[in-house]
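A short worksheet on the structure shown next.
Per chain, numbering begins at 1; letters A, B, ... match sequence-line order.
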Number of protein chains: 2
Amino acid sequence: MPDQKGSADPRPPAASSIGLLEPQKDARPAAGANLLFLREEEIRLAQDLLFFAYRDFTNAADVILEELGLGRAHHRALHFIGRNPGITVSDLLAILRITKQSLARVLTVLMEEGYVAQTQGRADRRQRLLTLTQTGQALERRLFERQRERLLGAYREAGGVAVDGFRRVMRGIMDESARDYLDQHDPAETRARRA
Amino acid sequence: MPDQKGSADPRPPAASSIGLLEPQKDARPAAGANLLFLREEEIRLAQDLLFFAYRDFTNAADVILEELGLGRAHHRALHFIGRNPGITVSDLLAILRITKQSLARVLTVLMEEGYVAQTQGRADRRQRLLTLTQTGQALERRLFERQRERLLGAYREAGGVAVDGFRRVMRGIMDESARDYLDQHDPAETRARRA
DNA sequence: CAAACTACGTCAGCTTTATTGACTCACTTT
DNA sequence: AAAGTGAGTCAATAAAGCTGACGTAGTTTG
């Protein structure tokens, strides 16, 4: 039980810099609009949210990974190969934003253990297209199920409108290139519904 | 009392538990409501969202950290010390979920560089209460500003309702203990507005 | 009060995950 | 034929985490 601030609380001027940037004379009466005045505290809360949600979300799959002697890096590779069957090594590198050598180590293990297979590119034979094997798909699914439980619970509690908001904000946080990537996976069908 | 789990949730039932899992014969034309039928793809999209948003959000501060020879671990410590002045070492450990030794390495650097100061606990003199020095506050602010830009942009684009949804979903994803922690920082004032 | 427990620090050794830079090989493009 | 690209690999290194064990000061309790 954290008891912080229990005793001698050296906390400096707490709500010190409230009005962030412009005091923003929010004239809009729209519902929820008052939530939008972005004081510092609101942003700091979001930092916390990202940290905890990501921490616990990734953690959900760790038990399984540990059994198999794999790490999160392997999970990430499995996830993106599974979602992009036939992806090239360089495309995968661009998604993960790690170096070729870091990826190589991970891929080597995944191929040795029979989770991932390579096939030579047809158009460009220099390419090694990555896919999940049956085993790989099965593992990815186990990992997925764990994380799915969490998201399902969160989605249920929050409701559909909240989920939509969640998506919008998350998209806004990431780089434009990441949004572009997502749009390839989330094409017309879903985007249409969003409009 | 902070809202635990789903029970006793004071929040408006809104469009919560719509046809989840069920193929949902959506009669409602309400915007976003039909987004809620949780096919596998929807969950996988969320995995992507978390990965990219977290990747790019944390990345935003990396440039500054690199200049100073610090890493993300240092940033996390700075952030949570800044947000909990006078926090004890063990409380910080509980938040970060790393081992004492890992934290020790980080804290040693931060204290050597003059970003963090320790004071002996008054009630319990075994405790070493951690605070940011002036320098530490200044650095934390620089890092904060970078991440703030991103969030500000995302919040503006998404709008107040979306931000509220984002918060709800993120809270739902994390462990209950993390939600409890947040409730200490986000007391009456903010929660009231949310209702 | 003495024993037991707690908060913190630290030593020693280890693993995972990442990094940079240079190089080869096979293939494609110009 | 030359230049460029996709992929793999070598070697060396770093950041950030881990376990287990132990010491010391301080607190709580039988």
Side-chain angles (χ1 to χ4, degrees), chain A residues 1-4 6-8 51 54-55 58-59 61-63 65-78 81 86-113 116-131, chain B residues 51 54-55 58-59 61-63 65-78 81 86-113 116-130:
Chain A
M1 285 301 213
D3 87 309
Q4 60 236 55
S7 53
F51 174 76
Y54 191 78
R55 181 195 70 176
T58 54
N59 213 305
D62 283 352
V63 190
L65 290 167
E66 202 172 5
E67 280 173 17
L68 300 168
L70 302 175
R72 288 180 188 173
H74 303 95
H75 187 188
R76 288 193 286 268
L78 282 173
I81 295 172
I87 190 174
T88 65
V89 171
S90 58
D91 285 350
L92 186 52
L93 282 174
I95 290 176
L96 296 173
R97 297 243 185 113
I98 58 178
T99 57
K100 196 167 28 162
Q101 295 72 10
S102 294
L103 180 57
R105 196 180 347 87
V106 168
L107 281 184
T108 301
V109 172
L110 291 177
M111 291 192 291
E112 281 173 358
E113 308 280 331
V116 168
Q118 272 184 339
T119 60
Q120 207 171 42
R122 294 222 307 167
D124 185 335
R125 293 192 334 227
R126 289 171 303 180
Q127 296 178 332
R128 308 299 159 87
L129 309 182
L130 303 168
T131 49
Chain B
F51 174 76
Y54 191 78
R55 181 195 71 176
T58 54
N59 212 310
D62 283 352
V63 190
L65 290 167
E66 202 173 5
E67 280 174 16
L68 299 167
L70 302 175
R72 288 180 188 174
H74 303 95
H75 187 188
R76 287 193 287 270
L78 281 174
I81 295 171
I87 191 175
T88 65
V89 171
S90 58
D91 285 348
L92 186 52
L93 283 174
I95 290 175
L96 296 175
R97 297 243 185 112
I98 58 176
T99 58
K100 197 166 32 161
Q101 295 71 12
S102 294
L103 180 57
R105 195 177 350 87
V106 169
L107 281 184
T108 301
V109 172
L110 290 177
M111 291 193 291
E112 281 173 359
E113 308 281 329
V116 168
Q118 273 185 338
T119 60
Q120 205 169 47
R122 295 220 309 167
D124 184 337
R125 289 188 342 222
R126 291 170 305 180
Q127 297 176 330
R128 308 297 160 85
L129 309 181
L130 302 169

Exercise. Just by protein heavy atoms under 4.0 Å, how would nucleotides 25-30 of chain D read 5' to 3' in B, S and -?
Worked result: BBS---

From [atom1] of [X] over to [atom2] of [N], roughly how many Å is that when rounded to an integer?
X        : N      : atom1 : atom2 : result
A:Arg72  : C:dT16 : CZ    : P     : 14 Å
B:His75  : D:dA15 : NE2   : C1'   : 17 Å
A:Leu65  : D:dG17 : CG    : P     : 18 Å
B:Leu107 : D:dA15 : CG    : P     : 17 Å
B:Gln118 : C:dC8  : CD    : C1'   : 9 Å
A:Glu66  : D:dT19 : CD    : P     : 9 Å
A:Arg97  : C:dT20 : CZ    : P     : 14 Å
A:Gln101 : C:dG21 : CD    : C1'   : 8 Å

Go through [options] for me and flag the one nearest to the [X] side chain.
X        : options               : result
A:Arg76  : C:dC8, C:dT17, D:dG8  : C:dT17
A:Arg105 : D:dA7, C:dA18, C:dG9  : C:dA18
A:Thr99  : C:dG9, C:dT20, D:dG17 : C:dT20
A:Ala73  : C:dT17, D:dG8, D:dC18 : C:dT17
B:Lys100 : D:dT9, D:dG17, C:dG9  : C:dG9
B:Gln127 : C:dA7, C:dT19, D:dG8  : C:dA7

Exercise. Looking at B:Thr88, B:Ile87, B:Thr119, which one forms a side chain to side chain contact (heavy atoms under 4.5 Å, CB included) with B:Gln127?
Worked result: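 Testing each of B:Thr88, B:Ile87, B:Thr119 against B:Gln127, the sole residue satisfying side chain to side chain contact (heavy atoms under 4.5 Å, CB included) is B:Thr88.
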
